[in-house]
Amino acid sequence: MRFMFVGDSMTIGRAGDYTWRYRMWQHLNASFGGPYAVVGPRTGLYDPRDDAATSHDYADPGFPERARRHLAGWGEGWQHMAPLIGGAVADGRADVLLVSLGLIDLGFYTAADETAANARRFVAAARAARPRIRMVLLPVIPNVRAESDAPFAAEVDRFNELLAKAVADLSTPASPILLGARPAGYDIHRDTYDGTHPNASGEHRLAGEFASVLHQAWGIGAPYDPAPDRARP
């Protein structure tokens with residue numbers, strides 16, 4: 001089974017981060033019970049000094065390059081990934097997409113309706129490349145801006161409603177789509193380092209939500225264990 005992580009700055013991470021992708025890799029190593037691969041056209045982290053994804057300075061240097069693969073970008077959202085996903089899925093022969101997108105779209109690029117339309121374009125392009133692909137989509141987690149910007153908070157809520165409708169409309173037996181939830185207990189004042197981007201506890205909570213959906217819906221893996229000393233190859 002071939003997994004691809006797709007996302008924005010919360011997924012790519014910055015220089016020195018572990019990333020929730022790393023936490024998910026640890027989880028799959030411990031619980032998947034069979035061969036798997038992580039696929040995607042990119043491997044880097046965002047480096048603020050270069051304002052680009054030029055870093056490979058992961059917090060654990062033992063995180064192997066084969067597991068660092070992803071399709072994520074700092075400042076990239078649904079509108080950026082929709083044109084890229086078909087080629088990435090075809091090249092990587094991805095079976096399962098784990099997707100966390102939308103916050104940057106709503107914050108800087110598009111309102112809820114257009115963002116939802118781009119999410120639908122993304123699904124169509126992924127399926128055109130791999131008709132039996134499966135997807136898990138996370139809703140947008142409101143960041144610190146939503147606490148003081150009521151119109152922005154309303155757009156986040158509106159988009160999450162539209163995303164749920166898209167999942168209900170587009171999921172098929174051949175290519176199922178699952179909607180995750182805001183991770184249980186996720187608190188932007190405790191689980192992020194700046195009100196948006198996950199710290200170590202936030203990484204575990206994000207990985208745990210994806211892991212729970214995979215396990216409960218499709219029997220993939222096991223319940224998430226956040227133990228930091230989880231065995232890995």
Side-chain angles (χ1 to χ4, degrees), residues 1-8 10-13 17-40 60 63-64 66-72 85 88-89 92-102 119 122-123 126-127 130-141 160 163-164 166-187 190-191 198-233:
M1 188 168 287
R2 301 168 76 84
F3 298 89
M4 184 184 294
F5 306 122
V6 184
D8 53 25
M10 293 175 65
T11 298
I12 187 174
D17 285 352
Y18 285 98
T19 75
W20 72 259
R21 299 181 284 109
Y22 169 85
R23 313 296 184 180
M24 195 67 192
W25 166 72
Q26 288 187 308
H27 169 74
L28 290 171
N29 284 343
S31 70
F32 185 66
Y36 79 92
V38 175
V39 299
D60 181 357
F63 188 22
R66 69 180 186 277
R68 297 178 179 184
R69 298 188 176 278
H70 62 80
L71 178 62
I85 191 61
V89 162
R93 294 181 290 116
D95 300 303
V96 179
L97 302 181
L98 304 179
V99 185
S100 175
L101 285 169
F122 175 101
V123 170
R127 282 181 171 160
R130 296 276 284 179
R132 301 187 69 83
I133 197 162
R134 293 189 259 181
M135 307 178 211
V136 180
L137 313 182
L138 281 196
V140 171
I141 300 171
N160 283 339
L163 185 65
V167 169
D169 289 345
L170 300 176
S171 185
T172 68
S175 175
I177 308 174
L178 300 175
L179 182 65
R182 178 175 176 143
Y186 197 98
D187 182 338
R190 183 190 63 226
D191 296 316
N199 58 20
S201 64
E203 291 168 357
H204 279 300
R205 291 184 189 277
L206 289 169
E209 177 60 23
F210 280 113
S212 293
V213 173
L214 291 174
H215 174 65
Q216 292 171 10
W218 296 329
I220 294 174
Y224 188 75
D225 175 7
D229 58 350
R230 181 186 297 116
R232 63 179 187 270

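Residue indices begin at 1 and follow the sequence shown.
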How long is the straight-line distance from [atom2] of [Y] back to [atom1] of [X], given to the nearest 0.5 Å?
| X | Y | atom1 | atom2 | value |
| --- | --- | --- | --- | --- |
| E209 | W20 | CD | CH2 | 11.0 Å |
| I133 | I177 | CD1 | CD1 | 10.0 Å |
| L206 | M10 | CG | CE | 5.0 Å |
| N199 | D191 | CG | CG | 6.0 Å |
| L179 | L138 | CG | CG | 8.0 Å |
| T11 | L101 | OG1 | CG | 7.0 Å |

Check: Is any side-chain heavy atom of D187 less than 4.5 Å from a side-chain heavy atom of S201?
Finding: no
(message) Within the 4.5 Å heavy-atom criterion, are V38 and M24 side-chain neighbours or not?
(response) no
What heavy-atom pair brings [X] and [Y] nearest, and what distance separates the two atoms?
| X | Y | result |
| --- | --- | --- |
| P64 | W25 | CD-CZ2, 3.3 Å |
| A217 | L178 | CB-CD1, 3.2 Å |
| V39 | R69 | C-CB, 3.7 Å |
| P139 | G180 | CD-O, 3.4 Å |
| A126 | V89 | O-CG1, 4.0 Å |
| H70 | A72 | ND1-N, 3.0 Å |

Test item: [X] side-chain N/O and [Y] main-chain N/O as donor-acceptor pair under 3.5 Å:
| X | Y | answer |
| --- | --- | --- |
| R93 | R2 | no |
| H215 | G221 | yes |
| S171 | V167 | no |
| R127 | S175 | yes |

Salt bridge (Lys or Arg N to Asp or Glu O under 4.0 Å) filter on E203, not counting sequence neighbours, yields R23
*asked:* Determine whether F122 and V6 satisfy the following criterion, side chain to side chain contact (heavy atoms under 4.5 Å, CB included), listing intermediate values before the conclusion.
replied: CA-CA 11 Å; F122 175 101; V6 184; 4.0 Å; yes
message = I'd like to know whether CZ of R190 has more than 12 heavy-atom contacts from other residues, nucleotides or ligands below 6.0 angstrom.
response = yes
Check: Which is it for M1 and I220 under the side chain to side chain contact (heavy atoms under 4.5 Å, CB included) test, yes or no, and what are the steps along the way?
Finding: CA-CA 10 Å; M1 188 168 287; I220 294 174; 3.6 Å; yes
Contacts of R68 meeting side-chain hydrogen bond (donor to acceptor under 3.5 Å, both in side chains) (sequence neighbours excluded), chain-then-number -> none
- Item | Polar contact flag, side-chain donor to acceptor under 3.5 angstrom, H204-Y224 | yes
**Message:** Over 60° means perpendicular and under 30° means parallel, so tell me whether F32 and Y36 are parallel, tilted or perpendicular.
**Reply:** perpendicular
Of R134, R130, R132, the one forming a salt bridge (charged side-chain N to carboxylate O under 4.0 Å, His left out) with D95 is R130
